[in-house]
Amino acid sequence: MKWYHIDKKYTTNYLLLSVLSFLYVFPVFLVNIYFQDDLGWSLLGSLGIKADGRPLTEYIILALCGGGPVADPAPLPLILGVLFLSYALVLYAQTNLYYISNRYALLAILLFIITNPFTMEYLFYRCGCIGALTSLGCPFIIFSLPDTASKLKIFAYSSLLSMALMSLHPAPIAICLILFVVNIFFLLFQKRKINYALEGIRVIGIGIGAILYKAVIANHYVSRTDWRYGASQTLELKPESILVIFQNIVDTGKYIMRFLSETAVWYQIILALLTLSAMLLCVFLYCRESKKNGWSKVVNISFLIFSPVCVFLISYLPLMILKEQTLKLRIFLAMGSFLFYLGILLLHFAKNHQALLRPLILLLILCNLYHYTYMYTFANAVNNQNEYEQYIAYHIAHDLETINADGEFTSFSFIGKVPQPKRIQIFTEKYPMTSGLIPRYFTNDGWRGGAYILHYLQKDLDLASDTEEDRQIAGSAKPVMANSIYSCYTNADKIIVVFN
């Protein structure tokens with residue numbers, strides 16, 4: 001059987017994982033909105049993802065659409081992304097996690113990769129979602145390459161998949177490092193025969209692929225005329241950069257902890273139990289069962305204690321070398337691999353202890369259940385906000401067309417922000433950080449509100465920035481149209497929409 005084929009037993013696991021993954025993303029199908037940047041390309045027919053340094057994502061979408069201009073292929077990108085990620089995870093499980101005989105346990109830890117709460121936002125992008133999901137799958141394909149393959153094939157596949165991963169979305173490159181740590185765990189605790197030369201070639205191949213991406217692909221595609229160029233730059237090799245990286249790591253850790261503080265208390269307890277169990281219970285079981293002595297035992301115990309912390313840091317470490325560090329929830333695509341790693345440790349030591357295995361599986365399932373709940377809650381909040389802004393957009397578009405009936409105006413601008421609907425206010429109070437992911441388009445600090453309105457206008461108007469003169473007019477002149485939510489003013493050939 002070819003290494004990339006899934007056998008009969010794991011085909012069932014693949015089908016189940018795919019179904020569970022589709023159940024997780026099901027709210028995205030129901031909401032079915034143009035999310036953030038979708039508002040732009042759906043008008044222009046051009047994605048612009050290449051300029052973000054993700055050309056492969058754009059080429060995949062162009063292939064699905066039969067070339068440009070880009071028509072709307074949703075939800076096909078999401079469907080294909082879920083199917084590919086499920087395949088990559090099951091292939092990895094077939095190659096490396098064969099010791100996990102309990103199907104519920106195996107599916108629970110594999111699900112952590114897609115049900116990672118930090119991945120939620122990307123799933124709503126109608127086209128960009130396929131880049132995020134396929135990039136998450138690439139590391140698992142790399143570490144599914146068999147030891148029977150030649151050194152040249154291992155190097156070539158690792159390099160090409162690493163470049164593909166970075167060209168889809170760079171953040172999951174951290175998962176490659178985590179899966180290497182998993183291989184060290186297999187070497188120390190499962191006595192697997194690992195070909196050190198092939199492992200070294202695999203890691204070198206991943207590194208070479210990342211370097212080639214940075215030197216060739218990113219250098220060619222990343223836009224040099226806007227914020228994207230600065231966001232792609234890495235720290236220079238200077239002594240002071242070490243302090244910057246250390247501070248970035250600390251600040252990011254605090255940011256993640258602040259996010260977790262918004263989650264349910266019982267979820268926080270489960271996370272604490274899983275983490276402490278991986279660090280302490282595994283040490284206890286190892287000491288009780290191992291016949292080793294001396295330094296070998298000390299090394300293994302140290303690995304069990306410190307590797308979960310290292311994996312947590314590694315999950316976002318590659319992001320810490322960027323010059324411009326902008327913390328947003330969506331950049332932590334690799335964070336699900338932390339829980340995945342904890343599951344691997346715990347299931348290894350609990351596999352011969354049914355009294356421990358059953359409650360462990362229950363904890364893993366409950367952890368995923370909260371991820372599902374969080375996703376569904378977030379999706380409903382996004383839908384509620386979209387419904388309200390759509391209602392506002394209809395009225396603004398109607399008023400703009402009424403004011404511009406004779407075609408004498410060429411642009412419009414916003415001052416202020418559209419108020420939040422009452423249902424969203426509840427969500428914002430409960431999840432202040434996650435509420436930042438819910439788009440509010442009608443503001444004076446972005447182009448998306450204008451793009452939203454242009455979906456409903458027959459006569460094109462340009463979105464202009466607000467000026468001090470606009471604000472003076474809004475504060476003193478009589479509006480040409482007004483309601484309880486916003487008022488409309490005019491300034492020369494511009495219409496000004498001011499939210500009350």
Side-chain angles (χ1 to χ4, degrees), residues 13 89-90 92-116 139-140 143-144 174-192 194 199 256 260 267-292 296-317 334-368 370-371:
N13 289 334
L89 290 170
V90 171
Y92 177 84
Q94 177 180 273
T95 307
N96 297 282
L97 304 181
Y98 47 80
Y99 67 93
I100 303 177
S101 58
N102 188 292
R103 177 169 287 159
Y104 300 107
L106 179 63
L107 292 174
I109 65 169
L110 295 179
L111 273 173
F112 285 139
I113 302 300
I114 189 171
T115 66
N116 166 25
F140 295 94
F143 281 83
S144 297
I175 297 179
C176 293
L177 300 176
I178 292 170
L179 294 180
F180 179 70
V181 175
V182 172
N183 275 2
I184 296 175
F185 171 78
F186 291 152
L187 173 67
L188 294 176
F189 297 94
Q190 294 192 354
K191 307 305 179 187
R192 296 190 188 182
I194 292 181
E199 286 305 308
I256 294 171
L260 292 176
Y267 176 71
Q268 296 176 34
I269 292 173
I270 289 176
L271 290 182
L273 285 173
L274 290 174
T275 305
L276 292 175
S277 296
M279 298 173 70
L280 301 178
L281 180 61
C282 290
V283 170
F284 171 77
L285 292 174
Y286 170 73
C287 291
R288 193 177 72 171
E289 298 170 1
S290 175
K291 297 179 180 179
K292 286 187 175 182
S296 177
K297 193 168 189 175
V298 171
V299 169
N300 288 358
I301 291 173
S302 300
F303 180 88
L304 290 176
I305 293 174
F306 294 109
S307 64
V309 178
C310 292
V311 166
F312 177 77
L313 295 176
I314 289 171
S315 68
Y316 63 83
L317 188 61
M335 189 57 66
S337 54
F338 171 65
L339 288 173
F340 172 78
Y341 179 72
L342 295 184
I344 287 176
L345 261 64
L346 290 166
L347 290 172
H348 166 77
F349 286 102
K351 65 179 183 290
N352 296 324
H353 303 274
Q354 288 298 318
L356 293 175
L357 186 60
R358 289 173 182 173
L360 173 59
I361 293 174
L362 179 61
L363 288 178
L364 295 174
I365 292 174
L366 286 175
C367 195
N368 271 302
Y370 183 78
H371 294 169

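Since the structure is predicted, the reported quantities are computational estimates derived from the model, not experimental observations.
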Residue set satisfying ring pair (Phe, Tyr, Trp, His ring centres under 6.0 Å) with F180, at least two apart, ordered chain then number -> none

Note: L260 and Y267 closest approach over all heavy atoms is CD2-CE2, 4.5 Å

To the nearest 0.5 Å, atom CG of L304 lies from atom CG of L285 at 10.0 Å

**Asked** Under the side chain to side chain contact (heavy atoms under 4.5 Å, CB included) criterion, do F306 and V311 qualify, and how do the steps go?
**Response** CA-CA 9 Å; F306 294 109; V311 166; over 6 Å; no

I365 meets the side-chain contact (heavy atoms from CB on, under 4.5 Å) criterion, sequence neighbours left out, with I361

Interatomic distance, OG@S315 vs CD1@I256, rounded to 0.5 Å, equals 6.0 Å

Stepwise side chain to side chain contact (heavy atoms under 4.5 Å, CB included) check, L347 with L97:
CA-CA 10 Å; L347 290 172; L97 304 181; over 6 Å; no

CG of L89 to OG of S144, rounded to nearest 0.5 Å, is 9.0 Å

Problem set entry | Flag side-chain contact, heavy atom, 4.5 Å: I301 against C287 | yes

A350 meets the side-chain contact (heavy atoms from CB on, under 4.5 Å) criterion, sequence neighbours left out, with L356, L357, L360

Ring pair (Phe, Tyr, Trp, His ring centres under 6.0 Å) filter on F143, not counting sequence neighbours, yields none

Residue set satisfying ring pair (Phe, Tyr, Trp, His ring centres under 6.0 Å) with Y316, at least two apart, ordered chain then number -> F312

For N183, the side-chain hydrogen bond (donor to acceptor under 3.5 Å, both in side chains) test, sequence neighbours excluded, returns E199

Across all chains, not counting sequence neighbours, the side-chain contact (heavy atoms from CB on, under 4.5 Å) partners of V298 are W295, S302

Main chain of F112, side chain of N116: is a donor-acceptor contact present, judged purely on distance under 3.5 Å? no

Sorted by chain and residue number, the side-chain hydrogen bond (donor to acceptor under 3.5 Å, both in side chains) partners of E289 (sequence neighbours excluded) come out as H353

Is there a donor-acceptor pair closer than 3.5 Å between any side-chain N or O of Q190 and the backbone N or O of F185? no

side-chain hydrogen bond (donor to acceptor under 3.5 Å, both in side chains) filter on Y98, not counting sequence neighbours, yields R192

Closest non-hydrogen atoms of P308 and L342, given as atom of the first, atom of the second and distance, are CB-CD2, 3.9 Å

CE of M335 to CD1 of I113, rounded to nearest 0.5 Å, is 11.5 Å

Parallel, tilted or perpendicular: ring planes of F140 versus F340, cut at 30 and 60 degrees: perpendicular

Using modelled atom types only, decide if a donor and an acceptor are shared between the side chain of H371 and the backbone of T115 within a distance under 3.5 Å. yes

Inset, instruction - Any chance you could lay out the side chain to side chain contact (heavy atoms under 4.5 Å, CB included) test for L364 and Y104, step after step, and finish with the verdict? - result: CA-CA 9 Å; L364 295 174; Y104 300 107; over 6 Å; no

Sequence neighbours excluded, the answer for ring pair (Phe, Tyr, Trp, His ring centres under 6.0 Å) partners of Y286 is F189

Fill in: Between S307 and Y341, a side-chain donor and acceptor under 3.5 Å
yes

Donor-acceptor contacts under 3.5 Å from residues 274-281 side chains, at least two apart:
{"unit_1": "T275", "atom_1": "OG1", "unit_2": "L271", "atom_2": "O", "d": "2.8"}
{"unit_1": "S277", "atom_1": "OG", "unit_2": "L273", "atom_2": "O", "d": "2.6"}

Contacts of R103 meeting side-chain hydrogen bond (donor to acceptor under 3.5 Å, both in side chains) (sequence neighbours excluded), chain-then-number -> N13

